[in-house]
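What follows is one structure encoded as C-alpha cells, with my remarks underneath.
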Amino acid sequence: MTLRLYDTATREVRPFEPVRPGRASVYVCGLTVQSEPHVGHVRSAVSFDVLRRWLQHGGLEVDFIRNVTDIDDKILAKAADAGRHWYEHAALMHRELTAAYAALNVLPPTYEPLATGHVPEMLALIERLIERGHAYPAADGSGDVYFDVRSWPAYGELTRQRVDDMEAAEDADPRGKRDPRDFALWKGRKPTEPETASWPSPWGPGRPGWHIECSAMAGKYLGETFDVHGGGVDLRFPHHENEQAQSRAAGHGFARFWLHNAWITTAGEKMSKSLGNSLTIPAVLERFRGIELRYYVVAAHYRSHVEFSFESLEEAASAFARIEWFLEQVQGAEPDYADDLPDAFVAALDNDLATPAAMAVIHEHVRQGNVAVSARDGEAASRAACQVRTMLDVLGLDPADPAWGGASGADDERLRAAVDVLLAGLLEQRAAARAAKDFAAADAIRDRITAAGIEVTDTPDGPKWSIA
RNA sequence: GGUGGGUUGGCCGAGAGGCGAGGCAACGGACUGCAAAUCCGUGUACACGGGUUCAAAUCCCGUACCCACCUCCA
C-alpha cells in the first residue's frame with residue numbers, strides 16, 4: 001500500500017506506515033453528546049469512515065476508536081434547561097447520534113468509549129503527570145488540577161504556536177492557575193453541580209477535564225503510540241495540542257499522524273452557531289436519503305471547506321441518481337474485490353483520500369457502462385457495474401448495501417413484487433395501444449400510473465417502472 | 001498580535017508549472033410516437049496588481065476580501 005496522508009503536524013502529505021505491521025490504529029474525537037447531531041458533525045464521522053474503509057481495503061486490520069464525551073459543562077447546562085438528569089440527556093443525545101451514524105452508513109467503531117467510564121485511567125494519567133512535574137493541584141482549594149504549560153517546552157508544537165504569542169482569553173477565570181494558559185485536567189466539584197456528576201479523586205470529588213479523556217482512552221485501547229488521530233479542524237487547538245502535550249509529558253509517543261476535516265458551514269457560519277434545527281440529521285433526512293447526504297459529503301475533499309445548501313445537496317442527489325440508474329439497468333452485478341479496482345481510483349484514494357477524483361473515476365465508468373448497455377454488450381455492462389459497485393462500496397455508497405435498506409428490506413421486496421404483478425396488466429394494455437398507434441390511450445395509461453407515484457420508462461428491454 | 005486555510009466557468013466542486021477532473025444546469029444533435037433515460041457535441045474558469053519562466057490557475061512578491069482557532073464554549 002502506498003497510501004499518503006496529510007499530517008497536520010508536519011503540514012505535508014507523507015507515506016502512511018502503521019506502527020504495528022498489518023494493523024492500523026485510529027482514534028477519532030467523537031462528539032460531546034449535548035445536542036442533536038447536525039450535518040457538520042457527520043462530516044467528521046463520514047470522512048474518517050472513508051479512511052477506515054480504505055485502510056481495511058488495503059488489507060489492514062483497523063482498530064478504530066471513536067469516543068463519546070458524556071460529561072461536560074454544556075451537558076450539565078442543557079440537561080438542566082431541559083429538566084433532565086445530565087446522564088439522561090447525554091444518553092438521549094448519544095442514541096440520536098448513533099442513529100445518525102447508522103443512517104449514513106458509518107461503520108460502528110471497534111469500540112466507543114465513554115468518558116465517564118474511564119475516570120480511573122484519567123486519574124492514573126493525572127497522577128503520573130504530577131509526579132513528573134507537569135501538573136499541579138490548584139492552590140486555591142478548588143480541587144482543580146492543571147497541566148503546567150511552562151513545564152513542557154514542546155508545548156505548541158502541533159499548531160506551531162509559541163506560548164508567549166498566545167492570547168489569553170480575556171474572560172478566562174484564572175482561578176488557581178499558575179499561568180493563564182494552563183488547562184484543567186481535573187475539575188473540583190462546584191456546589192451547584194449535581195453530586196452524580198462527580199467522582200472521588202485524590203484531590204476531592206470532581207470530574208475530568210475535557211482533554212484528558214482522549215489521552216487516557218487512546219492510550220488504553222491503542223497503546224502509547226498509535227497511527228492516526230482525527231477530528232475537526234477546530235479541535236487542533238486547544239484540544240489536540242493539549243492531548244499531545246499531556247500524553248507526551250507522560251512519556252507516551254501518542255499519534256503519528258494528525259488528520260483534520262474541514263467545516264461544513266451555512267451562510268458562512270459554523271453550524272453550531274447557525275439558527276434553528278433544520279440542519280440536524282433527522283431534519284435533513286426528511287428531505288433526502290442518507291445515501292444522498294453521504295454522497296454529498298464524500299464528493300468534496302475532507303480538507304475542503306463546504307458551504308452547505310439544500311440546492312447543492314439536490315445537485316448531489318441528481319448526480320447520484322445517475323449512478324443508481326445505471327446500476328438498475330444492470331441487475332445482478334455484485335461487487336467483486338478480486339477484480340482490481342481501477343488504477344485511477346486507487347491512486348486517488350491513496351493521495352490523501354482524494355474522494356472527488358475517485359468520484360470522477362466512478363462517473364467515467366458509469367458513462368462507459370451506459371455505452372455498453374446501449375450497445376447491448378451485456379458483458380461489458382456487467383463488468384462496468386461490478387467495478388462501479390466495488391468502488392462505491394469502498395466509499396460506503398453502494399446502493400445495494402443492506403445497511404441502507406434497514407429492517408423493511410424483506411417487506412420492500414414483497415411490495416415490489418406485488419406492484420410488478422399489478423402493473424404488468426396495465427403495461428400490457430399500454431403496449432397494445434402503442435402497437436396500434438393509439439398514443440392517446442397509451443399516454444392515458446401512463447398518466448394513471450404516474451399519478452400513483454410511479455414513473456414508467458421505455459427502454460430497449462421494454463418498459464421499466466420506478467418509484468418517482 | 002499569533003497560527004492555519006480560502007477566493008476556480010451559470011452552480012457545486014477537483015487540480016497545484018505545459019494536454020480543459022467530474023457532476024448539476026443550459027444549448028445543439030442522435031435515439032424515441034411523445035417523454036424519460038442514455039450517448040455525442042458546445043464553455044477561451046481560475047480575486048486583483050506585478051514578477052520568474054519557452055510556458056503560471058499552479059511558483060515568488062504585494063494588495064483586497066473571507067473563514068477557522070488562540071486554554072472548560074467543536
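Labels below follow one simple rule: chain letters A, B, ... track the order of the sequence lines, proteins then strands, and each chain is numbered from 1.
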### Query
Who pairs with A:R66 by salt bridge (Lys or Arg N to Asp or Glu O under 4.0 Å), at least two apart in sequence or on another chain?
A:E112
### Query
Looking across every strand, which nucleic acid part, if any, lies under 4.0 Å from A:Q34 by heavy atom: base, sugar-phosphate, or nothing?
sugar-phosphate
### Task
Test A:L76 against A:R207 for side chain to side chain contact (heavy atoms under 4.5 Å, CB included), laying out the working first.
CA-CA 12 Å; A:L76 293 175; A:R207 58 191 167 92; 3.7 Å; yes
### Task
With sequence neighbours left out, write down each residue that passes salt bridge (Lys or Arg N to Asp or Glu O under 4.0 Å) with A:R162, or none if nothing qualifies.
A:D165
Close N or O pairs between protein and nucleotides 29-31 of chain B (under 3.5 Å):
none

### Task
Check ring pair (Phe, Tyr, Trp, His ring centres under 6.0 Å) between A:H260 and all other residues, then give those that pass, not counting sequence neighbours.
A:H240
#### Entry: Residues forming a salt bridge (Lys or Arg N to Asp or Glu O under 4.0 Å) with A:E96, sequence neighbours excluded
none
### Message
By nearest atom, which of the nucleotides B:rC73, B:rU71, B:rG33 is closest to the A:F439 side chain?
### Response
B:rG33
### Partner residues of A:E428 under the salt bridge (Lys or Arg N to Asp or Glu O under 4.0 Å) criterion, sequence neighbours left out
none
### Message
Under 3.5 Å for both pairing distances: what stems, at least three Watson-Crick or G-U pairs long, include RNA chain B?
### Response
B:1-7 with B:64-70, B:10-12 with B:22-24, B:26-30 with B:38-42, B:47-51 with B:59-63
### Message
Within the 4.0 Å heavy-atom criterion, would you say A:T457 contacts the bases, only the backbone, or no part of the nucleic acid?
### Response
base
#### Entry: Residues that A:F183 engages under ring pair (Phe, Tyr, Trp, His ring centres under 6.0 Å), provided they are two or more places apart
A:F147, A:H211
Would you give me the side-chain donor-acceptor pairs under 3.5 Å for residues 434-445 of chain A, sequence neighbours excluded?
| unit_1 | atom_1 | unit_2 | atom_2 | d |
| --- | --- | --- | --- | --- |
| A:R434 | NH1 | A:D458 | OD1 | 3.4 |
| A:D438 | OD1 | A:A441 | N | 3.3 |

### Task
Tell me whether the OP1 or OP2 atom of B:rU71 has a side-chain N or O from A:N242 closer than 4.0 Å.
no
### Phosphate contact (B:rG4 OP1 or OP2) by A:R11 side-chain N/O below 4.0 Å
yes
### Side-chain donor/acceptor of A:R446 to base of B:rA35, under 3.5 Å
yes
#### Entry: Separation of atom CZ in A:F237 from atom P in B:rG2, rounded to whole Å
16 Å
Restricting to nitrogen or oxygen on both sides, can you table the protein-nucleotides 23-27 of chain B pairs closer than 3.5 Å?
| unit_1 | atom_1 | unit_2 | atom_2 | d |
| --- | --- | --- | --- | --- |
| B:rG23 | N2 | A:E315 | OE1 | 2.8 |

### Message
Heavy atoms only, 4.0 Å cut-off, all strands: where does A:H301 land among base, sugar-phosphate and nothing?
### Response
sugar-phosphate
### Query
Which pairs with one or both residues in residues 310-331 of chain A pass salt bridge (charged side-chain N to carboxylate O under 4.0 Å, His left out), sequence neighbours excluded?
A:R289-A:E324
### Message
Taking B:rU58 as the reference, what is the distance to B:rU52 when you measure between their C1' atoms (whole Å, please)?
### Response
14 Å
### Task
State whether the number of non-hydrogen atoms from other residues, nucleotides or ligands found under 6.0 Å of A:E379 atom CD is greater than 12.
no
### Query
What is the nucleic acid contact for A:V371, judged by heavy atoms within less than 4.0 Å: base, sugar-phosphate only, or nothing?
sugar-phosphate
#### Entry: Any N/O donor-acceptor pair, A:Y155 side-chain to B:rU71 base, under 3.5 Å
yes
### Message
Is A:S304 close enough to B:rA14 that one of its side-chain N or O atoms is under 4.0 Å from OP1 or OP2 there?
### Response
yes
### Query
Of all residues at least two apart in sequence or in a different chain, which pass the ring pair (Phe, Tyr, Trp, His ring centres under 6.0 Å) check with A:Y296?
A:F308
